[in-house]
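Note that the structure is a prediction, hence the values are computed from the model and not measured. Numbers here simply count residues along the sequence, with the first being 1. Any value given below was found using the heavy atoms of this structure, including those in side chains, with hydrogens, waters and symmetry copies removed.
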Amino acid sequence: MLYQIYETQRSLMEPFADFAQAASKLYSNPLSPFGQNPLAQRVSASYDLMYRLWKDYEKPEFNLTHLDIDGTEIAIHERVEVDKPFCDLRRFKRFTDDPATLTKLKGQPAVLIVAPLSGHYATLLRDTVRTMLKDHKVYITDWKNARTVPLDQGEFHLDDYVNYVQEFIRHLQGIYGNCHVISVCQPTVPVLAAVSLMASRGEVTPLTMTMMGGPIDARKSPTAVNNLAMNKSYEWFENNVIYRVPSSFPGAGRRVYPGFLQHTGFVAMNPDRHASNHYDYFKNLIKGDDASTEAHRKFYDEYNAVLDMDADYYLETIRVVFQEFALVNGTWDVISEQGDLERVRPEDIKTTAHFTIEGELDDISGSGQTEAAHELCFNVPKSRQKHFEVKGAGHYGIFSGRRWRELVYPQVRDFIKQFSEGPVLADSGKRSSAAAKPVTVKKPAGRQRTTA
């Protein structure tokens with residue numbers, strides 16, 4: 001019911017948002033008689049702010065069309081390589097007419113960036129992708145808004161997320177022989193699970209795995225986000241944040257954690273900062289500071305664009321990652337695409353080099369949560385492990401902005417380059433045949449998902 005009420009309110013506000021936008025332009029146009037009013041700039045700024053607060057924010061575009069590499073302009077073609085019901089595997093293919101540059105591009109490593117499915121779209125990693133494209137072939141998981149996925153496409157579970165990641169890794173391995181994986185925030189857990197399961201089966205695993213600001217072990221330095229997930233019961237989340245998609249969307253009837261509720265939670269974490277940002281935007285409009293106002297628009301066009309998450313996936317993430325700590329406790333069983341239960345065993349990873357990155361001031365994933373991956377992957381040689389704490393960086397600073405470009409990316413680039421020799425043999429070739437077998441139990445008939 002709450003979702004339907006929200007959609008009704010949004011529909012009612014839409015014409016007022018359009019009016020506010022038109023009024024803002026009317027008062028800011030010097031050729032308009034309204035623009036001659038001494039208070040025109042202030043009135044225009046007020047209407048513009050109203051429009052920004054009331055408008056509906058659609059999914060942003062990546063808008064990565066070209067790139068400069070060593071003085072040569074490279075054309076970027078964005079395309080979907082694998083289309084799954086809940087996710088697209090998107091590739092940013094680079095083109096150039098310069099033979100020397102083309103040869104250089106062909107020899108660069110392939111990287112799968114696994115974007116978070118935690119409220120925002122994959123475009124939140126636009127700066128990550130843009131920077132990585134200078135030295136890598138880049139693919140990214142572009143998660144779909146659950147309200148646009150019809151019910152006949154089935155449910156989406158945390159197990160499905162893990163299986164998607166494995167399928168995408170195999171896709172890149174089929175093209176390039178092997179690949180590198182980068183996970184940002186939430187996907188560090190399912191990505192580590194995916195690679196662990198591949199190692200347990202004796203499959204070829206990625207050359208490197210870079211994990212950035214994720215809750216591998218949410219018990220360490222818990223943040224406000226962690227505390228909410230740990231202190232509220234599973235039933236509380238199911239009863240208070242899960243709603244069905246209204247009939248106006250293709251996914252009508254699907255149980256989801258709505259984007260508008262997630263956005264409310266994002267804003268509630270730092271309400272004073274957001275209020276200050278909007279007030280500064282209003283003042284900059286009056287002053288005519290175009291650079292600052294445009295920066296504000298770009299940030300909030302991305303920040304305010306949110307998607308619905310399938311309820312099963314969201315609830316299972318709460319339970320597995322933040323309540324049972326199943327990954328670090330060694331009790332996480334994942335249902336494979338074949339319907340078998342497989343135990344997640346990070347200790348089976350022996351060849352994949354891994355790099356953990358944390359922000360000193362991260363208020364989403366606390367200090368030590370990502371670094372915990374090293375304790376789990378204890379069979380990876382120390383020479384193939386690395387950890388980096390980014391001084392002065394918050395959560396977003398480790399994958400976007402100046403600190404990402406100047407401090408983090410050079411280390412990520414060098415780490416990938418260091419371990420790009422390959423492909424590395426499957427882990428099964430490095431241990432006994434008994435150890436190579438995954439811990440598998442046939443799924444009992446009629447077994448229900450853990451969050452049903």
Side-chain angles (χ1 to χ4, degrees), residues 59-67 69 74-96 101-102 104-117 120-146 148-150 153-154 156 159-184 186-188 190-191 193-195 197-198 203-210 212 250 307 310 313 336-337 352 399 412 416 420 422-423:
K59 177 185 177 181
E61 300 292 334
F62 279 98
N63 287 327
L64 299 175
T65 58
H66 64 278
L67 183 71
I69 299 180
I74 307 298
I76 308 296
H77 174 58
E78 178 186 332
R79 70 190 190 195
V80 174
E81 290 246 331
V82 180
D83 183 3
K84 303 288 289 182
F86 289 86
C87 184
D88 289 331
L89 178 62
R90 198 168 291 272
R91 180 185 181 184
F92 299 88
K93 187 171 177 59
R94 303 166 298 174
F95 293 90
T96 178
T101 303
L102 183 60
K104 177 182 177 181
L105 298 182
K106 286 183 176 179
Q108 292 176 343
V111 176
L112 170 64
I113 300 176
V114 184
L117 176 53
H120 289 106
Y121 290 95
T123 50
L124 193 68
L125 304 187
R126 184 184 294 103
D127 196 23
T128 315
V129 174
R130 182 190 295 111
T131 308
M132 293 292 298
L133 278 169
K134 296 177 181 178
D135 304 287
H136 310 86
K137 303 179 181 79
V138 178
Y139 295 73
I140 192 170
T141 57
D142 188 12
W143 300 101
K144 298 179 182 179
N145 192 333
T148 67
V149 183
Q153 294 294 323
F156 185 71
D159 295 347
D160 298 314
Y161 193 124
V162 174
N163 292 329
Y164 273 28
V165 171
Q166 294 179 83
E167 180 178 344
F168 296 154
I169 290 173
R170 295 187 194 108
H171 178 78
L172 268 68
Q173 289 175 335
I175 300 173
Y176 306 107
N178 214 323
C179 66
H180 305 261
V181 180
I182 296 177
S183 54
V184 180
Q186 166 271 323
T188 55
V191 167
V195 176
L197 292 170
M198 294 178 73
E203 294 186 60
V204 175
T205 56
L207 296 170
T208 70
M209 180 169 50
T210 301
M212 308 173 67
L307 52 75
D310 187 274
Y313 156 76
S336 70
E337 292 178 303
T352 298
F399 62 85
V412 173
I416 290 174
S420 283

Under 4.5 Å between any side-chain heavy atoms of Lys84 and Val82, yes or no? yes

Can you tell if the side chain of Ile182 reaches within under 4.5 Å of the side chain of Met132, non-hydrogen atoms only? yes

Under a 4.5 Å cut-off applied to non-hydrogen side-chain atoms, are Tyr121 and Asn145 in contact? yes

Would you please say whether a donor-acceptor pair under 3.5 Å links the side chains of Thr188 and Ser183? no

Using 0.5 Å steps for rounding, measure from the CG atom of Leu112 to the CZ atom of Phe168. 8.0 Å

Roughly how far, to the nearest 0.5 Å, is the CD atom of Glu61 from the OG1 atom of Thr123? 8.5 Å

Less than 3.5 Å apart, any donor N or O on the side chain of Thr65 or His77 sitting next to an acceptor on the other? no

Can you find a pair of side-chain heavy atoms, one from His171 and one from Glu81, that are under 4.5 Å apart? yes

Are the side chains of Trp143 and Pro116 in contact, using a 4.5 Å heavy-atom criterion? no

Quick one: CG on Asp88 to OG1 on Thr141, what's the gap to the nearest 0.5 Å? 10.0 Å

What pair of heavy atoms forms the shortest contact from Ala110 to Tyr176, and how long is it? CB-CD1, 3.4 Å

Is a side-chain donor or acceptor of Arg94 paired with a backbone partner of His136 at a separation under 3.5 angstrom? yes

Side chains of Val129 and Leu64, heavy atoms from C-beta outward: is any pair under 4.5 Å? yes

Hey, what do you get for CG (Asp310) to CG (Asp160), rounding to the nearest 0.5 Å? 8.5 Å

Apply side-chain contact (heavy atoms from CB on, under 4.5 Å) to Ala122 and list each qualifying residue two or more places apart in sequence or on a separate chain. Phe62, Ala115, Ile140, Asp142

Should Tyr164 and Ile169 count as side-chain neighbours, where that means a heavy-atom distance under 4.5 Å? no

Looking at every heavy atom in both Gln173 and Pro206, which two are closest together, and how far apart are they? NE2-N, 4.0 Å

Using modelled atom types only, decide if a donor and an acceptor are shared between the side chain of Thr96 and the backbone of Ile74 within a distance under 3.5 Å. no

I'd like to know if Asp83 and Arg90 make a salt bridge, using a cut-off of under 4.0 Å between side-chain N and carboxylate O. no

Measure the spacing between OG1 of Thr131 and CG of Leu67 and express it to the nearest 0.5 Å. 9.0 Å

Please examine the side chains of Leu197 and Val195, heavy atoms only from C-beta on, and report whether any two atoms are closer than 4.5 Å. no

Looking only at atom types and distance, does a side-chain atom of Asn178 sit under 3.5 Å from a main-chain N or O of Val204, one as donor and one as acceptor? no

Does the structure place the NZ or CZ of Lys137 under 6.0 Å from the centre of the six-membered ring of Tyr139, at an angle of no more than 45° from the ring's axis? no

Going through the checks in order, is the salt bridge (charged side-chain N to carboxylate O under 4.0 Å, His left out) test met by Arg170 and Glu203? CA-CA 9 Å; Arg170 295 187 194 108; Glu203 294 186 60; 2.8 Å; yes

